[in-house]
Asker: 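Structure in structure tokens, see below.
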Amino acid sequence: MGDSGEKLTLYSYWRSSCSQRARIALNLKGLDYEYKAVNLLKGEQLNPEFEKINPVKYVPALVDGDIVVADSFAIILYLEDKYPQNPLLPQDLKKKALNLQIASIVSSGIQPLQNLPVLQYIEENLGSEKKLPWTQLHINKGFTALEKLLAGVAGKYATGDEVLLGDVFLAPQIYAGVKRFAIDMSNYPTLARLHEAYMELPAFQAALPERQPDAPSSP
Ligand SMILES: N[C@@H](CCC(=O)N[C@@H](CS)C(=O)NCC(=O)O)C(=O)O
């Protein structure tokens, strides 16, 4: 429930890692929300009704009373300002900058290169066998950097013993790397350990793709 007394609404797709970030942040802040499924495989993100919510035609998008916010980064920073409980950004400037850097590496350096239209383009123009090597190349580049950044810094979670913004972005990306893109995590011991830690947290568990109402196996 948002401050306006109305329930928050999240436009989401079960397998979307960007939606998963928003779901984790909502869960960490203890915010109840209505889940509105947008089926990316059926092209529902392209519907004129959804375009009014997010002109760039991506999930996730959040509606909080009369405020509409699209883009997971914007959504999470909005939630952080409006619902300061369980803060995701620390006071310490160095740690805060590192959390923003992690989020940016994932959201601009990795995920856009594995987004659905990119993979569809590769399949149609280069062949479906080129999709996995392309995705792995870019995930491995990002994971190599993240492993170096975090190896000496990580505590129980990415930047210490508290769950922060970097974790919210890392968890869905590592999950996708492991479950969808067959990334060899033995090259990334810190990230592999973080993956195990995230899988233990209820806020992260509830945000998992297969737990969403629009997941294929969902009851
Ligand atoms: N920077 C945006 C990226 C959003 C994005 O790429 N969403 C993907 C799912 S993770 C999507 O809607 N893909 C469908 C499409 O591009 O048609 C964010 O973080 O929300």
Side-chain angles (χ1 to χ4, degrees), residues 8-29 31 33 35-64 67-82 88-89 99-125 131-132 134-136 138-139 142-143 146 164-181 183 198 204 207-216:
L8 298 160
T9 300
L10 184 73
Y11 290 82
S12 169
Y13 179 59
W14 66 280
R15 204 164 65 163
S16 148
S17 63
C18 310
S19 304
Q20 194 176 342
R21 297 171 197 153
R23 299 192 298 253
I24 294 171
L26 285 159
N27 295 344
L28 284 171
K29 289 189 174 285
L31 297 165
Y33 63 94
Y35 188 103
K36 284 218 174 141
V38 179
N39 189 323
L40 300 185
L41 295 183
K42 290 189 182 155
E44 288 176 0
Q45 71 278 30
L46 310 175
N47 288 350
E49 279 311 301
F50 185 69
E51 197 181 344
K52 286 185 204 149
I53 308 259
N54 186 5
V56 77
K57 305 173 196 171
Y58 291 142
V59 288
L62 179 83
V63 180
D64 184 8
I67 298 181
V68 181
V69 194
D71 192 296
S72 64
F73 220 135
I75 291 169
I76 293 165
L77 294 182
Y78 167 79
L79 292 174
E80 180 72 354
D81 284 339
K82 178 134 186 220
L88 297 172
L89 283 170
N99 274 276
L100 290 166
Q101 186 181 357
I102 295 166
S104 196
I105 290 173
V106 171
S107 68
S108 64
I110 306 178
Q111 180 273 329
L113 295 157
Q114 67 180 49
N115 196 13
L116 187 62
V118 175
L119 299 185
Q120 281 169 344
Y121 183 92
I122 292 172
E123 181 160 354
E124 282 158 24
N125 293 281
K131 279 196 309 188
L132 190 59
W134 164 272
T135 315
Q136 289 178 334
H138 294 290
I139 294 179
F143 280 11
L146 288 163
L164 293 170
L165 186 84
D167 301 297
V168 173
F169 280 71
L170 271 177
Q173 184 60 64
I174 301 176
Y175 186 84
V178 171
K179 299 278 181 188
R180 288 179 66 191
F181 301 120
I183 297 296
Y198 299 144
F204 286 62
L208 285 172
E210 62 271 19
R211 295 271 199 103
Q212 304 316 303
D214 55 334

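Just follow the structure's listing: the first ligand is 1, and inside any ligand the first atom is 1.
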Asker: side-chain hydrogen bond (donor to acceptor under 3.5 Å, both in side chains) with Asp214: which of Tyr35, Tyr13, Trp14?
Answerer: Tyr35
Asker: How far is atom 6 (O) of ligand 1 from its nearest protein heavy atom, and which residue and atom is that?
Answerer: Gln111 NE2, 3.0 Å
Asker: What is the nearest protein non-hydrogen atom to atom 9 (C) of ligand 1, stated with its residue, atom name and distance?
Answerer: Ser16 OG, 3.4 Å
Asker: Which atoms of ligand 1 are found less than 4.0 Å from any heavy atom of Pro60?
Answerer: 20 (O)
Asker: Tell me, which protein residue and heavy-atom name are nearest atom 13 (N) of ligand 1, and how many Å apart are they?
Answerer: Asn115 OD1, 3.0 Å
Asker: Tyr11 pairs by side chain to side chain contact (heavy atoms under 4.5 Å, CB included) with which of Asn54, Leu62, Val63?
Answerer: Val63
Asker: Report the nearest protein non-hydrogen atom to atom 10 (S) of ligand 1: residue, atom name, distance rounded to 0.1 Å.
Answerer: Cys18 SG, 2.8 Å
Asker: Return the closest protein heavy atom for atom 17 (O) of ligand 1 as residue, atom name and distance.
Answerer: Gln45 NE2, 2.7 Å
Asker: Over 60° means perpendicular and under 30° means parallel, so classify the ring planes of Phe169 and Phe73, tilted if in between.
Answerer: tilted
Asker: Taking distance alone, with no angle check, do Asp71 and ligand 1 share an N/O pair under 3.5 Å?
Answerer: yes
Asker: Do Leu146 and Ile102 come close enough that some side-chain heavy atom pair is under 4.5 Å?
Answerer: yes
Asker: Is there a nitrogen or oxygen of Ser17 sitting under 3.5 Å from a nitrogen or oxygen of ligand 1?
Answerer: no
Asker: Any chance you could lay out the side-chain contact (heavy atoms from CB on, under 4.5 Å) test for Glu80 and Lys29, step after step, and finish with the verdict?
Answerer: CA-CA 9 Å; Glu80 180 72 354; Lys29 289 189 174 285; 2.9 Å; yes
Asker: Is there a side-chain contact (heavy atoms from CB on, under 4.5 Å) between Tyr58 and Leu40 once you walk through the steps?
Answerer: CA-CA 9 Å; Tyr58 291 142; Leu40 300 185; over 6 Å; no
Asker: Applying the side-chain hydrogen bond (donor to acceptor under 3.5 Å, both in side chains) test to Gln173, which of Gln111, Gln20, Gln114, Arg21 qualifies?
Answerer: Gln114
Asker: Indicate yes or no for a side-chain donor-acceptor contact from Asn115 to the backbone of Pro117 under 3.5 Å, with no hydrogens or angles considered.
Answerer: no
Asker: Show the atoms of ligand 1 that are less than 4.0 angstrom away from any heavy atom in Pro117.
Answerer: 15 (C), 16 (O), 17 (O)
Asker: Leu40 heavy atoms, cut-off 4.0 Å: which ligand 1 atoms fall inside?
Answerer: 9 (C), 11 (C), 12 (O), 13 (N), 14 (C)
Asker: Ignoring hydrogens and angles, tell me if any N or O in the side chain of Asp64 forms a donor-acceptor pair with the backbone of Leu8 under 3.5 Å.
Answerer: no
Asker: For ligand 1, which is the ligand I care about here, please tell me if Arg21 has any N or O atom under 3.5 Å from one of the ligand's N or O atoms.
Answerer: yes
Asker: With a heavy-atom distance limit of 4.0 Å, tell me whether Val59 approaches ligand 1 through its side chain, its backbone, both, or neither.
Answerer: both
Asker: Considering only non-hydrogen protein atoms, determine which one is nearest to atom 20 (O) of ligand 1 and report residue, atom name and distance to 0.1 Å.
Answerer: Ser72 N, 2.8 Å
